[in-house]
Amino acid sequence: MFRLAARNFAARNINVAAPSVVAPRLALAARSRFVPRAAFSAAAGLSEEEITTRVLDVLKSFEKVDSSKLSKTAKFSEDLGLDSLDAVEVVMAVEEEFAIEIPDAEADEITTVQQAIDYIAKTPAAH
Amino acid sequence: MASPPTKQSILHLYHSMLRTSQSFSSYNFRHYFVRRTKEMFRDIQKETDQAKLAAFYEEKAKELAVLKRSAIVNQLYGGWKLVVEDQKPARERSDS
């Protein structure tokens, strides 16, 4: 990034004397010669513990969930005392937190906290 | 008469109605429809009469279509955010 800026700056400085019409084209040429050696992309998505804390935070903000019983292995219906409609709401809240849409078929599978975490971990779009 | 809906299909309908309600851009509309959806499904939760459930399902499926259209229109003409709302986008991608 900095190298690109430096190059552009250099190209602009060289062209100080040249007519102003030529300058943009030269700057463009300088940019097209720039070959990135590394891809500018994030290394990995979310870490396991970050997902876990965020999922647990989402569940904590649910008033029906007893936070003392909350753990990674807790089941929505048995341990946390949620009914099927609450479970849908939990999945909705998780979707919102990670800005994804979980398809119905896969949302049905999510019945424990761990399954929610696993689903987020294997979804690259989650952030 | 329509066949009675399964528990799964009602939950799917609930999920899509909640999701659509959530997509309204006006704060007041969004919160109203989310609350309304939750209340409607809570009311029917203990119902065991299959005919009533079938009627409920059919009605709500139609309502979902209306809701979807309204949500799109609301996204176009939603207006500004209210002062009670979080002003900045909730979460940005780290790599963009």
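All heavy atoms count here, side chains included; hydrogens, waters and symmetry mates do not. All chains are named by letter (A, B, ...) in the order of the sequence lines, taking the proteins before the strands, and each is independently numbered beginning at 1.
The local environment of NZ in A/Lys122 is crowded, with over 12 non-hydrogen atoms from other residues, nucleotides or ligands closer than 6.0 Å. Around NZ of B/Lys52, the count of heavy atoms belonging to other residues, nucleotides or ligands within 6.0 Å does not exceed 12. Within 6.0 Å of atom CZ in B/Phe29, 12 or fewer heavy atoms from other residues, nucleotides or ligands are found, so the atom counts as exposed in its surroundings.
For B/Tyr27, the ring pair (Phe, Tyr, Trp, His ring centres under 6.0 Å) criterion is met by B/His31, not counting sequence neighbours. In this structure B/Thr6 satisfies the side chain to side chain contact (heavy atoms under 4.5 Å, CB included) test together with B/Gln8, B/Ser9, sequence neighbours excluded.
Using a 4.5 Å cut-off between non-hydrogen atoms, the part of residues 81-91 of chain A that approaches chain B consists of A/Asp83, A/Ser84, A/Leu85, A/Asp86, A/Val88, A/Glu89, A/Val91.
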For a quick test of your reading: what N or O donor-acceptor pairs under 3.5 Å do the side chains of residues 101-108 of chain A make, sequence neighbours left out?
from: A/Glu101; atom 1: OE1; to: B/Arg19; atom 2: NH1; distance (Å): 3.3
from: A/Asp108; atom 1: OD1; to: B/His12; atom 2: NE2; distance (Å): 3.2
from: A/Asp108; atom 1: OD2; to: B/His12; atom 2: NE2; distance (Å): 2.8

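The choice from B/His15, B/Lys7, B/Gln45 that makes the most heavy-atom pairs within less than 4.5 Å of chain A is B/His15.
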